[in-house]
Visitor: 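Before anything else, here's the structure in question.
All values below come from the heavy atoms of this structure, side chains included, with hydrogens, waters and symmetry mates left out. Just so you know, ligand 1 is whichever comes first in the structure, and atom 1 is the first atom listed for that ligand.
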Amino acid sequence: MALVDCIPVHLRPSLLLLTGVYHFLMTIFETIFVHPDLSLLFNLSALREKSFGRLWINNGEAMSEKMPDSMDALLKTAHGVVLDVGPGSGEQLPRFYPDKIDIMYGAEPSIYLHPGLLKNADKAGFGSKYRALQCGGEPESLIPALAKVGALNVGASQGAFDAIVCVRVLCGVPRPEETIQGLYRLLKPGGRLLVCEHTVNPWRHGSGSILARIFQVIYKLLGWSFFMGGCNIDRDTVKFLRAGAGTEGWAKTELKYVEPDTAVPHIVGYLVKRT
Ligand SMILES: C[S@@+](CC[C@H](N)C(=O)[O-])C[C@H]1O[C@@H](n2cnc3c(N)ncnc32)[C@H](O)[C@@H]1O
């Protein structure tokens with residue numbers, strides 16, 4: 001990409017960052033003047049969670065319109081028993097085929113997003129086949145929540161899911177390697193981890209851009225993670241995904257970069273657990 005073309009592309013995420021700052025400030029304003037709650041004001045992590053919920057409720061739909069083309073085809077292949085990690089308010093749900101899915105669990109920690117999630121699940125045709133759980137994707141949060149709704153009762157030792165979906169969520173989970181190892185264990189043999197995630201710019205591997213990588217560092221220094229709900233703009237998710245299957249490795253890994261020369265490059269594809 002010529003320099004004159006790529007600068008506007010690299011600057012695009014700054015609009016998102018400014019939106020995050022705006023919602024954080026509005027959350028503080030509302031917490032003081034609209035629904036006064038001093039305890040929330042002094043609880044930074046709860047304040048950030050509320051602020052991200054506000055951002056996603058207002059912008060999630062717009063932020064989900066333009067997704068990598070290959071993701072659509074990927075999500076349409078999900079079938080059987082499916083776990084969606086961090087579904088937000090369900091903006092991706094219309095991309096699935098509910099007829100091919102027996103039951104889908106959405107592990108969404110933000111309670112602010114659950115009303116939208118349930119509404120969108122209904123709109124997408126899931127009906128009673130969708131279960132929203134208030135938990136994260138990390139094992140200590142996910143396993144008890146799944147056990148509570150009976151999702152682990154059958155064949156738990158062999159894994160419970162035909163597919164686990166991670167769309168724009170692994171950038172924000174705590175301890176990504178451990179979280180992905182936990183997801184790996186939950187897959188049935190032959191089950192697939194479907195991913196569409198933004199990652200560190202792959203310039204070191206020849207397909208990215210060092211300028212885009214510099215922009216990632218700038219966004220990080222400007223507080224990207226703080227204002228964007230804990231999202232790490234430059235997480236090496238591919239490394240964590242590959243390591244997630246432990247020493248035996250995945251049976252098959254099919255991951256492709258989309259827009260690798262930008263500050264928000266994505267990997268889209270799937271990893272198959274050994275049978
Ligand atoms: C950028 S949004 C993506 C939402 C949805 N997957 C999509 O792409 O439209 C990230 C989502 O992950 C959720 N999240 C944050 N931390 C999480 C965690 N530890 N485990 C699971 N989800 C998490 C957030 O609440 C938010 O809904």
Visitor: When you compare the side chain of Tyr184 with that of Trp250, does any pair of heavy atoms fall below 4.5 Å?
Guide: yes
Visitor: Do Thr262 and Arg12 pair up side chain to side chain, a donor and an acceptor below 3.5 Å, judged on atom types alone?
Guide: no
Visitor: Do Leu194 and Tyr270 come within less than 4.5 Å of each other through their side chains, counting heavy atoms only?
Guide: yes
Visitor: Under a strict 4.0 Å criterion on non-hydrogen atoms, which protein residues are in contact with ligand 1?
Guide: Phe52, Trp56, Ser64, Val85, Gly86, Pro87, Gly88, Gln92, Ala107, Glu108, Pro109, Ser110, Leu113, Gly136, Gly137, Glu138, Val167, Arg168, Val169, Val173, Pro174
Visitor: Once ring-ring contact (aromatic ring centres under 6.0 Å, His included) is applied, do any residues pair with His10, and if so which ones, sequence neighbours excluded?
Guide: Phe215
Visitor: Using distance alone, with no hydrogens and no angle criterion, decide if Trp224 and Gln216 have a side-chain donor and acceptor under 3.5 Å apart.
Guide: no
Visitor: Report the distance from atom CZ of Arg192 to atom CG of Leu187, rounding to the nearest 0.5 Å.
Guide: 10.0 Å
